[in-house]
Amino acid sequence: VRAEERERGMRRAARIAARWHRSQIRHVVGGQLGSDARDILARSRVAEQLVEQARAHRERMVAEQLPEAFREASLDAPWLARLVGSANLEKARAIALGRGWVTAYSPRSGAGKTSLVAAMVRERARRDVVWTTARALATASAYAKLGEEPPALAAARGAGLLVVDELGTEADRFGASVADVVMDRHDLRRDVWITTPHTGAGLAARYGSGLVRRLTDNGETLHLRGGQ
């Protein structure tokens, strides 16, 4: 958290410096730049470069949290719009730029569920993201010591944004631990983005209606029809 605050402070200071330097240049009369104006212009360019470097660094940090195969996913990619549909894409963009829960659903492999959510993570550009799978959470729970919470579950509960890929594909006997994480995040008012091959009825049969109600009450369900 402190690292993010320092980064935000650096970006803010760089933007302010860039605006101030540009405002000083406007006072130059007749387009002739003296030595002072040239110095101001050079400093302005440096400040703008710092802003760009901070933005690029943030994007790299966010991308590193995603599965490698999905690090280039973008809401501006034409192929993603064709795959998931423009309506789903615009809903996803609105949530990525604001707040809310997302359930990306399709029973088909290759429908774009994971690609869409990865693109949303990149669009939001937050570093306090935990990307995991339902199977990974279930496995962590299965091997947990009695009375101890596995680090993977603790991180999932505490993340600013949690992404759970392929909800409902974990072993049935460990599904309750995955559902508990999602329910806890609802109580904490923290966003969860989910991909799943199951309908609402399928999720209710597996986890209970309470989890499905929390998913639907807090955000959008994106029905994706692509894939095979």
Do V102 and L162 share a hydrophobic cluster (ILVMFWY, side-chain heavy atoms under 4.5 Å, transitive)? no
May I ask you to decide if E220's main-chain N or O and K91's side chain share a donor-acceptor pair within less than 3.5 Å? no
With a 4.5 Å heavy-atom cut-off, do S141 and L153 have their side chains touching? yes
State whether a side-chain donor-acceptor pair under 3.5 Å links T195 with D165. yes
T199 and Y105: CA distance, side-chain angles, deciding distance, side-chain contact (heavy atoms from CB on, under 4.5 Å) verdict: CA-CA 7 Å; T199 63; Y105 154 74; 3.1 Å; yes
Short side-chain to backbone donor-acceptor contact, H198 and G168, under 3.5 Å: yes
Can you check whether L167's main-chain N or O pairs, donor with acceptor, with T196's side chain at less than 3.5 Å? yes
Could you walk me through whether V163 and T132 pass the side-chain contact (heavy atoms from CB on, under 4.5 Å) test, one step at a time? CA-CA 6 Å; V163 178; T132 187; over 6 Å; no
Flag the pair P150 / Y143 as yes when at least one side-chain heavy-atom distance between them is below 4.5 Å, and no otherwise. no
In the structure I gave you, are the side-chain heavy atoms of M183 and L211 within less than 4.5 Å of one another anywhere? yes
Side-chain touch V182/L215, heavy atoms, less than 4.5 angstrom: yes
Distance-minimising heavy-atom pair for A159 and V130: CB-CG2, 3.4 Å
Hey, mind stepping through R213 and H186 against side-chain contact (heavy atoms from CB on, under 4.5 Å) and telling me if it holds? CA-CA 11 Å; R213 185 171 61 254; H186 174 269; over 6 Å; no
For D191, which residues count as a side-chain hydrogen bond (donor to acceptor under 3.5 Å, both in side chains) partner, sequence neighbours excluded? R99, R124
Please answer: with hydrophobic residues joined when any side-chain heavy atoms are less than 4.5 Å apart, are L66 and L161 in the same cluster? yes
Any idea which heavy atoms bring A92 and L116 closest together, and the distance? CB-CD1, 3.8 Å
Compare every heavy atom of L224 with every heavy atom of G112, then report the nearest pair and how far apart it is. C-CD1, 3.7 Å
Please name the pair of heavy atoms, one in I95 and one in G100, separated by the smallest distance, quoted to 0.1 Å. CG2-O, 3.7 Å
If you count every heavy atom of other residues, nucleotides or ligands that lies below 6.0 Å from R93 atom CZ, does the total exceed 12? yes
Taking the side chain as every heavy atom from C-beta outward, state whether S115 and L80 have any pair of such atoms under 4.5 Å apart. yes
Indicate yes or no for a side-chain donor-acceptor contact from R122 to the backbone of A73 under 3.5 Å, with no hydrogens or angles considered. yes
Please confirm whether the backbone N or O of V121 pairs with a side-chain atom of E123, one donor and one acceptor, at under 3.5 Å? no
Can you list the residues that meet the side-chain hydrogen bond (donor to acceptor under 3.5 Å, both in side chains) rule with E72, with sequence neighbours excluded? none
Within-4.5 Å side-chain heavy-atom neighbours: H223 and S106: no
Grab the two heavy atoms, one from R185 and one from V192, that are nearest each other, plus how far apart they are. NE-CG2, 3.3 Å
Correct closest heavy-atom pair for Y207 and G175 would be CE2-O, 3.6 Å
In the structure I gave you, are the side-chain heavy atoms of L222 and T103 within less than 4.5 Å of one another anywhere? no
Is there a path of hydrophobic side-chain contacts, each under 4.5 Å between heavy atoms of I, L, V, M, F, W or Y residues, that connects L137 with W193? no
Spell out, as yes or no, whether a donor-acceptor pair under 3.5 Å connects the side chain of T139 to the backbone of R135. yes
Is any side-chain heavy atom of T133 closer than 4.5 Å to one of V164? no
Counting only N and O atoms by type, is there a donor-acceptor contact under 3.5 Å from the side chain of K113 to the main-chain atoms of P107? no
